[in-house]
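Whatever order the structure lists them in is the order used to number ligands and atoms, beginning at 1. The basis for the numbers below is simple: all heavy atoms, side chains too, and nothing from hydrogens, waters or symmetry mates.
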Amino acid sequence: MRFLVVFAIVVGVLWYFLRDKKGLKKNKKSNEEMMVECSECGTFISVKEGIVYQNKCFCSKECFQKDRR
Ligand SMILES: [Zn+2]
């Protein structure tokens with residue numbers, strides 16, 4: 001019985017770490033390398049470079065301000 005408990009904890013910890021590692025990798029890639037279209041002028045930029053506001057993405061402050069007007 002004790003063995004089962006230890007086994008369950010080990011599996012749980014391993015699963016948690018593996019899942020966390022995968023999640024971080026996936027998030028990092030999708031956040032930094034994903035290309036999106038500017039809602040204002042249609043230029044493609046990576047999410048890292050752009051401005052994201054209310055599910056819209058803008059290539060620059062200028063486009064962001066145009067949309068807000
Ligand atoms: Zn733009």
Side-chain angles (χ1 to χ4, degrees):
M1 192 61 193
R2 199 178 269 177
F3 171 77
L4 271 177
V5 173
V6 172
F7 181 73
I9 291 169
V10 168
V11 169
V13 168
L14 277 176
W15 181 78
Y16 177 80
F17 275 109
L18 284 174
R19 195 191 58 160
D20 199 44
K21 224 178 179 182
K22 265 187 190 171
L24 278 175
K25 226 179 180 180
K26 205 180 171 186
N27 277 342
K28 208 179 176 188
K29 206 174 182 183
S30 62
N31 282 342
E32 288 184 3
E33 291 173 22
M34 198 175 76
M35 297 300 282
V36 286
E37 197 176 355
C38 173
S39 295
E40 190 61 36
C41 69
T43 305
F44 276 93
I45 34 111
S46 72
V47 175
K48 197 170 71 173
E49 294 170 79
I51 300 162
V52 179
Y53 181 76
Q54 288 180 349
N55 292 327
K56 286 179 177 180
C57 207
F58 304 97
C59 65
S60 61
K61 271 184 187 172
E62 284 77 22
C63 284
F64 174 64
Q65 280 162 358
K66 268 187 208 168
D67 187 79
R68 295 225 60 195
R69 260 177 231 150

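Minimum interatomic distance between Cys59 and Cys38 (heavy atoms only, all atoms of both residues): N-SG, 3.4 Å. The two residues Cys63 and Glu40 have their closest heavy-atom pair at CB-CB, 3.6 Å.
Residues satisfying the side-chain hydrogen bond (donor to acceptor under 3.5 Å, both in side chains) test with Arg68, not counting sequence neighbours, are Tyr53. The side-chain contact (heavy atoms from CB on, under 4.5 Å) test applied to Cys57 returns Val36, Ile45, Val52, not counting sequence neighbours.
For the Zn ion (ligand 1), the count of nearby protein N, O or S atoms, meaning those under 2.8 Å away, is 4.
With rounding to the nearest 0.5 angstrom, the CD1 atom of Ile51 is 6.5 Å from the CZ atom of Phe64.
Listed by first then second residue, pairs satisfying salt bridge (charged side-chain N to carboxylate O under 4.0 Å, His left out) with a partner in residues 51-66 read Lys56-Asp67, not counting sequence neighbours.
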